[in-house]
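These notes are about the structure you will find just below.
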Amino acid sequence: MAGHAPGGDSTTWQAVHRALCDYLDAVDGGDFDRLAELMEHATVILPSGRITGGPAIREVYERIQPVPDEDGRRRTKHHLTNLVVSEPGEDGSVVADAYYLVLESGPDGPRVQKTGRFRDWLTSQQDGWVIQEHRVLLDF
């Protein structure tokens with residue numbers, strides 16, 4: 001069954017979901033050190049280009065991502081939905097497809113900044129699932 005580990009166990013789905021949520025939390029929180037660590041060996045493919053490795057990913061995200069306000073309130077909030085995780089391949093990797101919605105703070109409250117789809121390739125390592133490639137597809 002797509003979305004679960006072999007045998008119907010949801011452990012893989014939960015762990016992959018956690019890895020993606022950790023990435024989004026680092027982005028929204030402006031925690032670029034954590035982002036670089038999480039994406040150390042990853043490639044991010046944005047509509048504007050490809051970025052490889054934690055330091056390069058950090059550099060780009062520092063330029064494009066609004067950081068939280070001084071009082072700690074975040075200026076963006078990524079929402080991840082409709083996550084489907086493939087069965088692990090022969091090499092143990094999985095593909096995760098999901099929808100995303102980004103809210104951004106505005107003068108009259110939150111507004112939709114963008115929506116789209118993520119396609120991620122992850123591998124299982126001793127300390128959990130690690131994103132190897134993160135592809136961002138814009139819908140609108």
Side-chain angles (χ1 to χ4, degrees):
M1 171 190 298
H4 293 87
D9 180 5
S10 64
T11 303
T12 299
W13 186 93
Q14 291 171 346
V16 167
H17 184 258
R18 179 62 189 210
L20 295 173
C21 288
D22 286 347
Y23 159 78
L24 295 174
D25 184 61
V27 170
D28 287 332
D31 189 345
F32 301 116
D33 289 335
R34 183 171 169 229
L35 176 66
E37 182 181 317
L38 290 169
M39 304 299 277
E40 182 177 349
H41 301 291
T43 296
V44 173
I45 301 170
L46 301 169
S48 60
R50 176 184 294 259
I51 316 154
T52 300
I57 292 168
R58 175 195 174 110
E59 182 182 321
V60 169
Y61 278 63
E62 280 183 317
R63 285 196 318 260
I64 65 173
Q65 176 61 32
V67 296
D69 292 334
E70 286 185 23
D71 63 5
R73 288 187 297 168
R74 295 174 178 207
R75 296 180 56 211
T76 62
K77 185 72 138 183
H78 286 73
H79 294 266
L80 184 73
T81 68
N82 299 46
L83 175 63
V84 176
V85 178
S86 71
E87 296 288 342
E90 288 184 23
D91 63 355
S93 66
V94 297
V95 176
D97 290 297
Y99 294 166
Y100 72 89
L101 166 75
V102 182
L103 299 177
E104 185 172 44
S105 63
D108 298 324
R111 62 185 171 94
V112 175
Q113 181 193 43
K114 58 186 157 189
T115 67
R117 294 164 283 134
F118 291 147
R119 173 160 267 199
D120 290 89
W121 284 264
L122 299 95
T123 57
S124 181
Q125 300 191 354
Q126 255 183 332
D127 55 347
W129 286 89
V130 177
I131 299 170
Q132 298 298 312
E133 182 175 293
H134 177 68
R135 185 177 299 261
V136 179
L137 305 163
L138 290 175
D139 287 337
F140 56 90

I need the Asp22 CG to Leu38 CG distance, nearest 0.5 Å. 6.0 Å
Matching residue for Met39 among Val130, Val44, Ile51, Thr52 - test: side chain to side chain contact (heavy atoms under 4.5 Å, CB included): Val44
Flag the pair Trp121 / Thr43 as yes when at least one side-chain heavy-atom distance between them is below 4.5 Å, and no otherwise. no
Can you tell if the side chain of Asp28 reaches within under 4.5 Å of the side chain of Gln65, non-hydrogen atoms only? yes
Separation between CD (Glu133) and CZ (Arg50), nearest 0.5 Å, reads 6.0 Å
In this structure, would Leu46 and Leu138 fall into the same cluster of hydrophobic residues linked by side-chain contacts under 4.5 Å? yes
More than 12 heavy atoms from other groups under 6.0 Å of CD on Glu62: yes
What is the distance from atom CD1 of Ile57 to atom NE2 of His41, rounded to the nearest 0.5 Å? 11.0 Å
For the residue pair His78 and Val27, establish whether any side-chain heavy-atom pair is separated by less than 4.5 Å. yes
According to a hydrophobic-cluster definition based on side-chain heavy atoms being under 4.5 Å apart (Ile, Leu, Val, Met, Phe, Trp, Tyr only), do Leu24 and Val67 belong together? yes
Stepwise side chain to side chain contact (heavy atoms under 4.5 Å, CB included) check, Trp129 with Thr12: CA-CA 9 Å; Trp129 286 89; Thr12 299; 3.7 Å; yes
Arg34 versus Ala26, closest heavy-atom pair with distance: NH1-N, 3.9 Å
With a 4.5 Å limit on heavy-atom distance, are the side chains of Leu80 and Tyr23 in contact? no
Determine, step by step, whether His17 and Val85 satisfy the side chain to side chain contact (heavy atoms under 4.5 Å, CB included) criterion, reporting the C-alpha distance in whole Å, the side-chain angles of both residues, the deciding distance to 0.1 Å, and the verdict. CA-CA 9 Å; His17 184 258; Val85 178; over 6 Å; no
Side chain to side chain, Arg73 and Ser105, heavy atoms closer than 4.5 Å: no
Report all side-chain donor-acceptor pairs from residues 90-103 shorter than 3.5 Å, counting only partners two or more places apart or in another chain.
{"unit_1": "Asp91", "atom_1": "OD1", "unit_2": "Ser93", "atom_2": "N", "d": "2.9"}
{"unit_1": "Asp91", "atom_1": "OD1", "unit_2": "Ser93", "atom_2": "OG", "d": "2.7"}
{"unit_1": "Asp91", "atom_1": "OD2", "unit_2": "Ser93", "atom_2": "OG", "d": "3.2"}
{"unit_1": "Asp97", "atom_1": "OD1", "unit_2": "Arg119", "atom_2": "NE", "d": "2.6"}
{"unit_1": "Asp97", "atom_1": "OD1", "unit_2": "Arg119", "atom_2": "NH2", "d": "3.2"}
{"unit_1": "Asp97", "atom_1": "OD2", "unit_2": "Arg119", "atom_2": "NH2", "d": "2.8"}

Group every Ile, Leu, Val, Met, Phe, Trp and Tyr by side-chain heavy-atom contacts under 4.5 Å, then state whether Val60 and Ile131 land in the same group. yes
Measure the spacing between CG of Asp25 and NZ of Lys77 and express it to the nearest 0.5 Å. 7.5 Å
Does Arg18 reach the side chain of Gln14, with side-chain heavy atoms less than 4.5 Å apart? no
